[in-house]
Each structure stands twice: as structure tokens, then as C-alpha cells.
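Accompanying notes for the structure given below.
Side-chain atoms are counted along with the backbone in the values below, which use heavy atoms only and exclude waters and symmetry mates. Please read these numbers as outputs of a predicted model, since none were measured by experiment.
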Number of protein chains: 2
Amino acid sequence: MLPRMPGTMSDIARDLKVSVVTVSKVLRNRGNISAATRARVLKRAKELNYQPNWIARSLVTRRTFTVGLLLPDFTHPFFAEVAKSIAETVRPHGYHVIISYFEEDSGIETKEAELLVARQVDGLIIASAQTSRTGFQRIRQGKIPLVLIDRQVPNVKAPFVGTDHRAIGRLATEHLIERGCRCIAHLRGPAIRIAADRLAGYRAALRAHRLSQSPQYVIPASYADSTGYEAMRKLLRVNPPPDGVFCYNDPVAIGAMKAIRDAGLSIPDDIAVVGAGNVHYSDVLAVPLTTVDQGAREIGHQAAQILIDQMEGSRKAGRDVLIPPKLVVRQSTSGRRTMQMPAFPSLHSVKDITAR
Amino acid sequence: MLPRMPGTMSDIARDLKVSVVTVSKVLRNRGNISAATRARVLKRAKELNYQPNWIARSLVTRRTFTVGLLLPDFTHPFFAEVAKSIAETVRPHGYHVIISYFEEDSGIETKEAELLVARQVDGLIIASAQTSRTGFQRIRQGKIPLVLIDRQVPNVKAPFVGTDHRAIGRLATEHLIERGCRCIAHLRGPAIRIAADRLAGYRAALRAHRLSQSPQYVIPASYADSTGYEAMRKLLRVNPPPDGVFCYNDPVAIGAMKAIRDAGLSIPDDIAVVGAGNVHYSDVLAVPLTTVDQGAREIGHQAAQILIDQMEGSRKAGRDVLIPPKLVVRQSTSGRRTMQMPAFPSLHSVKDITAR
DNA sequence: ATGAAAGCGCTAACAA
DNA sequence: TTGTTAGCGCTTTCAT
């Protein structure tokens with residue numbers, strides 16, 4: 001026989017010679033209970049250090065007050081921010097977050113999602129690696145509230161919250177234009193939707209400002225800084241060289257900056273550089289990097305809010321939400337002194353992520 | 001009346017005119033069941049897309065297969081790593097992680113811990129901000145398995161897994177000594193145990209190598225890079241100036257490096273610098289920073305392993321574990337070219353944390 | 001090999 | 001104001 005729980009409602013009821021229901025009502029502040037019994041119950045509960053058993057409660061109420069969060073990797077600063085923001089907005093409503101990750105393996109993702117459903121989470125937030133809706137069949141049929149973040153999945157009928165990547169491209173490029181750049185290049189990312197969108201934004205900005213759009217100014221890079229380094233080296237051989245570069249993401253930008261400085265050119269005087277992502281260290285680089293923030297906190301917050309609305313039944317049927325990105329200007333586009341160390345940059349960002 | 005669950009065991013039982021017990025046995029591979037009924041049950045289960053209800057199961061088995069993880073802030077790279085590592089070790093055993101944070105507020109911490117217990121987690125891992133055992137009373141009396149990580153709490157009887165901070169100080173300092181430094185300073189951290197330990201390690205190393213220990217070479221800093229900057233400026237006025245500095249953590253080291261370069265000195269030729277923590281961006285700085293890694297992954301892994309041992313009943317009564325830190329040598333102690341950009345550093349670290 | 005009975009700790013509906 | 005009855009979906013025990 002399994003050991004009994006310590007301090008249950010029936011313990012209190014027995015001791016006080018009242019019914020369990022009475023105890024339950026007192027503990028949840030429901031129904032009409034005389035002040036006298038109320039006090040007695042509360043007293044005994046405290047004596048026994050009573051802790052409600054959420055599992056038992058959940059079994060009957062059909063609510064676990066947990067939400068499942070499924071991410072490719074919650075170690076990534078972006079997703080970590082999102083996760084925290086979700087936990088934050090959901091906590092005041094009494095929910096906890098069960099977090100899981102799938103390392104970009106859509107098989108694991110589906111399995112984990114099903115597990116979370118089996119655990120009776122009240123809602124699910126997923127940054128999916130799925131490419132089609134098939135993986136979502138079983139989840140959807142259980143019709144538990146679902147919100148997709150960061151990556152859209154075709155044909156899945158669920159609200160989506162993510163960054164407006166086109167706006168990122170536009171914002172970055174327009175910033176370079178405003179700064180006076182006229183020959184603006186782009187180190188583009190890999191063959192995924194996000195990268196295509198950022199490229200499209202770059203093109204749209206050039207078009208809107210009637211600037212030339214030479215294909216030789218669009219060089220393929222990928223995720224990593226090394227690809228940015230190589231791409232930039234190619235770009236430097238183009239004639240005339242660009243006076244501004246928008247890079248797919250911050251690592252690529254970091255690589256690009258190294259290439260520029262290795263070539264003996266200065267940032268931003270010869271070439272201004274803009275990244276995208278605003279990973280935390282952008283601030284502490286040799287030349288702090290101007291970048292476009294993706295609004296991780298806002299994504300998490302909105303996603304959680306939409307999920308809550310669904311779970312609480314206020315079926316506002318939240319439509320998709322695109323979070324507008326924000327430009328973060330640093331010295332890679334605005335500084336004047338370049339080959340020496342910049343003045344002390346933000347004193348906050350480094351501390352924020354490291355104090356412990 | 002609340003809506004019924006879709007596809008329960010009794011549904012299958014009814015359809016097949018067998019008992020729920022039989023279904024249960026088949027689904028769990030327990031007891032003796034004829035191949036025939038077995039097949040029928042499995043078939044019907046698949047048709048109904050049966051998902052076991054873990055809540056119901058948990059109520060009777062008294063196991064939820066969840067572990068609670070309570071951190072000051074899971075956005076911090078160190079804790080994020082720890083969390084991931086825990087999730088990783090625990091997953092093959094069928095456990096999920098409910099993650100929560102408390103922003104260094106020990107009141108919230110206690111409340112959250114109790115909530116997690118109410119949710120019937122099978123075990124708890126906490127990086128506590130508690131300074132005494134009082135906050136743990138209720139948790140301990142429920143005697144649910146508990147493992148403390150990163151920060152020890154006096155008088156709490158629970159296994160602890162953390163970094164050997166004294167070893168960090170020793171390792172860093174000895175590295176500077178080996179490099180040839182003879183005048184080694186320390187920018188010490190705030191008035192907490194960890195900082196004191198690192199300082200002690202620094203002192204021990206100097207003593208062991210019979211190097212001078214002038215108090216003017218120990219300057220107080222704190223968590224943030226700005227404090228490192230100020231501390232280093234003070235240090236530069238000392239005569240003779242040091243030829244090596246061990247900094248409490250990486251941000252402090254980053255601040256220190258800025259001060260050194262602002263003073264027109266070179267790193268590491270004039271002054272070599274070592275940090276501690278190995279936050280991800282240490283690699284992409286103007287001068288990549290030599291630092292001491294705290295073994296976040298290992299901490300998470302060990303903690304999880306100990307917890308599992310406790311939960312599964314193999315009461316090995318895991319003793320405290322101190323993870324030995326690892327030195328990560330970069331150019332702030334080993335480079336030769338200094339005022340120009342270093343050769344392209346590690347191509348991995350940046351990508352690792354940013355590709356998405 | 002199968003099932004009937006009992007119960008996990010709690011809440012919902014209805015009675016008294 | 002209080003209590004009785006009846007489960008939630010599952011597992012355990014013990015008969016058959």
C-alpha cells in the first residue's frame with residue numbers, strides 16, 4: 001500500500017467532526033460557512049500544515065493551471081526571454097509553466113507536445129519546427145488552446161505571435177539610409193522564411209528611397225559569425241564598396257565587422273553595420289553593434305495573454321500578432337571615434353545577464 | 001456539469017465489453033492478458049487516439065513524474081545551461097520540469113516552493129536565495145526529495161551541487177603565475193560567500209607560490225562591468241602596477257579591460273586579465289577574455305542525477321558535490337598582438353547561442 | 001486470463 | 001449553514 005498523504009481535507013474533517021465538503025468550502029472561500037466553523041477549520045489546517053493536493057483537485061475540475069511551453073532550445077537568449085515573459089504574465093493567473101525543448105527535431109517536438117497534453121496542460125505555446133500541420137493533428141483534435149510563436153506553421157489554425165521580420169529589414173536599411181549611406185549591401189541569411197522576409201524588407205526600403213539595387217550587394221551568409229566574415233570579404237571586393245551593410249543577424253554582423261577591420265577600414269566611417277536580434281553581448285563588442293531588437297518580451301507577453309484568453313474561455317479568437325521590431329542604435333552606425341575603444345557603453349546590459 | 005474527457009479507458013472497455021482493469025493492464029503491459037484481447041484493446045485505443053490521463057494516474061500512484069526547478073532567473077546563461085542540463089538528464093526517466101523563478105526574492109521563493117509541492121512534484125531543485133533554513137521548514141517536513149544547487153543554505157539537510165569557487169580563484173591565479181606574472185591583483189566581488197571563496201583561492205595560489213600579497217592589490221568591485229572599470233582605474237594608480245589581474249567575474253573583467261585600454265596599456269602584454277564565469281560573449285570581445293568555466297552543464301547533470309536517485313528510492317544519500325572549474329584560455333592572457341583585432345577567434349561559441 | 005470492489009483527495013450538485 | 005451522494009480516470013488488491 002502506498003503511503004498516505006500528510007494532512008488531507010478528510011484529516012481536518014475527522015478531527016473537527018465536520019464533513020469534508022465543509023472543509024473544502026472554507027479552504028476555497030465558497031458557500032456560506034459560519035464564522036465559527038470557518039475559524040476552526042482554518043486553525044486546524046494551519047496546525048496540520050495543510051497543503052491542498054492540486055492533482056486531486058485537477059482531476060475533478062479538469063484544470064491543471066499549467067501551460068506547456070515547447071521550444072527548440074530555451075538556452076538561447078531569445079527564447080529564454082520569451083519563456084520568462086510567458087511565465088511572468090501567466091503567474092498572476094495562477095499558472096505554472098512546464099517547459100520542454102526539442103533541439104529542432106520535429107519528431108521529438110510532436111512527442112513532447114503529446115506528452116504535455118497527456119499531462120493535461122491547460123494550454124500550449126510552441127515555437128515549432130514543424131513544416132506542415134500533420135504533427136499537430138492529435139493536439140488539435142484534443143482542441144486544447146494553442147498559440148504558435150516565432151515560427152508560423154502552414155495550415156495550423158492557431159493564433160501566431162512573432163516578429164515582423166520584413167519590418168526588421170526595412171528598419172535596419174532605412175536607418176542606414178538616414179545616416180547617409182547610399183550604397184547599402186545585405187549579408188543575407190540561409191534559405192528560410194525569416195531570412196527571406198528580412199531581405200524583402202531591405203529591398204523594400206531601397207525601393208522606397210529610390211536607391212540602386214545591385215544584386216552584387218546581396219551576399220549569402222548563414223547563421224554563424226564565420227559566414228559573415230567570409231561574406232564580408234567577398235563584399236569588399238565589389239566595386240564600389242558599400243558604405244553600409246545590413247546583416248541577417250548579429251553573429252553575421254560580428255563576423256562582418258571583423259572582416260572590415262581586418263581590411264583596415266573603419267566602422268562606421270567607411271562602412272556602417274547593422275545587425276538583427278539584439279543578443280545581449282552586442283553592447284560589449286569592440287565596436288558596439290547597432291541592431292534591431294525582436295521584442296522577445298513582447299512576444300512572450302502577447303502569446304501568454306492570448307493563451308489565457310482562450311483558456312479562460314473569453315474566446316476573443318486572438319488573431320495573429322506581429323510585434324514591431326525596435327532599432328537599437330549603437331556605435332557601429334553612429335560612432336565617430338572608431339579604431340580606439342569606444343567610451344564606456346551601456347552599463348546595464350552586461351550586468352543584467354551576468355550578476356549572480 | 002464539466003465536459004467529459006475524450007477517449008478514456010472506460011470508453012475502450014465499454015466498446016469492447018471488457019473491464020477497465022483489463023484495458024489498464026494492456027496499456028501498461030502488466031499482468032497476464034491473452035494476445036487476442038490485447039490486440040483488440042490496442043486497436044481500439046489507437047482508433048480513439050487514446051491518451052492516458054496522467055493526472056488520474058498520479059492521484060493513485062502518488063507520482064507525477066515532474067520535478068520542480070526554482071531559480072533566481074532562468075534568463076541568465078548560467079542558469080539556463082543548468083536548467084537545460086537538468087531537463088536533459090531527467091527526460092529519459094520520464095520526468096518533466098516545472099520551472100519557476102523568484103528574482104532573488106526569498107519570499108517569492110518560499111511561496112513558489114510550496115506551490116510546487118502542492119502540485120505534487122516528485123522532487124525539487126533549488127538555487128536558493130534563502131539565508132537560513134526557516135524558509136525550508138515546510139518543504140522539508142513534506143520530505144520530498146530536494147537538491148540545492150549553486151548556493152548553499154546553512155543547516156538545510158539536502159545534498160548540494162555547485163562550483164568550487166575557491167578552485168576558481170586558485171586556477172585563475174595560477175594561470176597568471178604560469179604565464180609569468182609576478183604582480184597579481186584581484187578585483188574582488190561583493191560581500192557574498194562566492195566572492196569570498198574566489199578571493200581565498202587567489203590568496204592560496206599566491207601563498208603556494210610565495211608571491212607577495214599586498215592588500216593594495218585587492219580592490220573591491222561588484223557584479224557589474226562599471227564597477228570593474230572603476231576598480232581597475234584605482235588599481236592603475238598603485239605602484240608598481242600589476243602585470244596580471246584576476247577579476248571576480250566576466251563583466252568586471254570586461255570593465256577592467258576597458259580601463260586598461262583607455263589607459264593606453266595593452267592586454268596581455270602590460271597586464272593580463274582573467275575573468276570567471278565564461279558567459280557566452282567572452283569570445284567576441286575586442287580582446288577575447290580568458291576565464292574560468294563553472295561547469296553549468298555538469299552541475300545540472302549531477303544535481304538531476306542525485307535527485308533521481310532519491311526519487312527512485314535508491315537512497316544513496318548523495319553527498320555534496322563540488323564541480324571542479326575549467327580554465328578557458330583566450331587572448332587576454334595568451335595573445336601577443338593586442339591593439340589590433342585578434343585573429344578570428346572561436347567560430348563556434350557565437351553561433352551556438354544565436355543561430356535560430 | 002479476467003474482473004469486481006475499493007479508493008486516491010478532491011469538488012459539484014443537490015438535499016436537508 | 002451543513003452534509004450526502006456521486007463521481008473525476010485511473011490503479012491496486014484480491015477473487016474468480
Side-chain angles (χ1 to χ4, degrees), chain A residues 1-42 44-45 48-65 94 117-122 142, chain B residues 1-42 44-45 48-65 94 117-122 142:
Chain A
M1 200 44 199
L2 288 161
R4 272 185 52 84
M5 286 273 100
T8 69
M9 282 188 179
S10 46
D11 291 336
I12 301 179
R14 184 185 11 78
D15 295 356
L16 266 44
K17 302 195 198 311
V18 297
S19 82
V20 201
V21 185
T22 307
V23 178
S24 171
K25 282 177 181 158
V26 170
L27 261 21
R28 283 175 303 138
N29 269 320
R30 286 284 160 73
N32 297 335
I33 301 291
S34 73
T37 37
R38 182 181 173 65
R40 290 171 63 219
V41 169
L42 256 21
R44 191 73 189 124
L48 292 182
N49 186 21
Y50 172 78
Q51 296 278 111
N53 183 331
W54 281 59
I55 296 291
R57 174 180 295 177
S58 293
L59 186 56
V60 27
T61 61
R62 267 80 196 288
R63 313 261 337 242
T64 55
F65 283 93
V117 172
R119 281 180 183 284
Q120 312 292 125
V121 294
D122 294 337
Chain B
M1 201 45 198
L2 287 162
R4 273 184 52 82
M5 286 272 101
T8 70
M9 282 190 179
S10 47
D11 289 336
I12 301 180
R14 184 184 10 77
D15 295 355
L16 265 44
K17 302 197 197 314
V18 297
S19 82
V20 204
V21 186
T22 307
V23 177
S24 172
K25 281 176 182 160
V26 170
L27 261 21
R28 281 176 306 139
N29 270 321
R30 287 285 160 71
N32 296 336
I33 300 293
S34 74
T37 38
R38 183 182 173 66
R40 289 170 62 220
V41 168
L42 256 22
R44 190 75 189 124
L48 292 182
N49 186 21
Y50 172 78
Q51 296 278 112
N53 183 331
W54 281 60
I55 295 291
R57 174 181 294 175
S58 293
L59 185 58
V60 27
T61 60
R62 266 81 198 288
R63 313 265 332 246
T64 55
F65 282 92
V117 172
R119 281 179 183 285
Q120 312 293 124
V121 294
D122 293 337

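- B/R28 has a side-chain polar atom (N or O) that falls below the 4.0 Å cut-off from OP1 or OP2 of D/dT12.
- Checking C/dA12, D/dG9, D/dC10 against every side-chain atom of B/M9, the shortest atom distance belongs to D/dC10.
- Using a 4.0 Å heavy-atom criterion, one finds that B/S58 contacts no nucleic acid atom at all.
- Listed candidates were D/dT2, C/dT11, C/dC10. Nearest to the side chain of A/Y50 is C/dC10.
- Residues that satisfy the side chain to side chain donor-acceptor pair (under 3.5 Å) test with A/T22, not counting sequence neighbours, are A/S19.
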Protein N or O to nucleotides 3-6 of chain D N or O, pairs below 3.5 Å:
{"residue": "D/dG3", "atom": "OP2", "partner": "A/S19", "partner atom": "N", "Å": "3.0"}
{"residue": "D/dG3", "atom": "OP2", "partner": "A/T22", "partner atom": "OG1", "Å": "2.8"}
{"residue": "D/dG3", "atom": "O6", "partner": "A/K25", "partner atom": "NZ", "Å": "3.1"}

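- Considering only residues two or more places apart in sequence or on other chains, B/R38 meets the side chain to side chain donor-acceptor pair (under 3.5 Å) condition with B/N29.
- Among residues two or more places apart in sequence or in another chain, the side-chain contact (heavy atoms from CB on, under 4.5 Å) test is passed with A/A118 by B/Q51, B/W54.
- In the helix from C/dA1-D/dT16 to C/dA16-D/dT1, the end axes, each obtained as the rotation axis mapping the C1' atoms of four pairs onto the next four within a five-pair block, lie 40° apart to the nearest 10 degrees.
- Following rounding to the nearest Å, A/R57 (CZ) and D/dG7 (C1') show an atom-to-atom distance of 17 Å.
- Here D/dG9 is the nucleotide among C/dC10, D/dG9, C/dA1 with the atom lying nearest to any side-chain atom of A/L59.
- Side-chain contact between B/P52 and B/R57 is present, with at least one heavy-atom pair separated by less than 4.5 Å.
- The shortest distance between side-chain heavy atoms of A/I12 and A/M9 does not fall below 4.5 Å.
- Taking 4.0 angstrom as the limit, A/T8 places none of its side-chain polar atoms (N or O) nearer than this to OP1 or OP2 of C/dG9.
- In this structure, CG of A/D11 is placed 11 Å from P of C/dC8, rounded to the nearest angstrom.
- Checked against side chain to side chain donor-acceptor pair (under 3.5 Å), A/R63 has the following partners two or more places apart in sequence or in another chain: A/Y95.
- Closest approach of A/L27 to A/Y50, counting heavy atoms only: CD2-CE2, 3.6 Å.
- In this structure, A/I55 places its CD1 atom 15 Å from C1' of D/dT11, rounding to the nearest Å.
- As rounded to whole Å, 16 Å separates atom P of D/dC10 from atom CZ of B/F65.
- The side chain to side chain donor-acceptor pair (under 3.5 Å) search around B/N53 returns none, not counting sequence neighbours.
- The side-chain contact (heavy atoms from CB on, under 4.5 Å) search around B/R40 returns B/L16, B/V18, B/T37, not counting sequence neighbours.
- Within the structure, every side-chain polar atom (N or O) of A/T61 is placed at least 4.0 Å from both OP1 and OP2 of C/dA12.
- In this structure, A/L16 atom CG and D/dT2 atom P are separated by 11 Å, rounded to whole Å.
- For A/S10 and C/dC10, the shortest distance from a side-chain N or O to OP1 or OP2 is not below 4.0 Å.
- At whole-Å resolution of the value, CZ in B/R63 and P in D/dT12 are 12 Å apart.
- Separating the CD1 atom of A/I12 from the P atom of C/dG9 is a distance of 13 Å, rounded to the nearest angstrom.
- Between the C1' atom of D/dG9 and the CG atom of B/L27 lies a distance of 12 Å, rounded to the nearest Å.
- OP1 or OP2 of D/dT1 sits under 4.0 Å from a side-chain N or O of A/N32.
- The salt bridge (Lys or Arg N to Asp or Glu O under 4.0 Å) pairs that include a residue from residues 15-27 of chain B are B/D15-B/R44, where partners are two or more places apart or lie in different chains.
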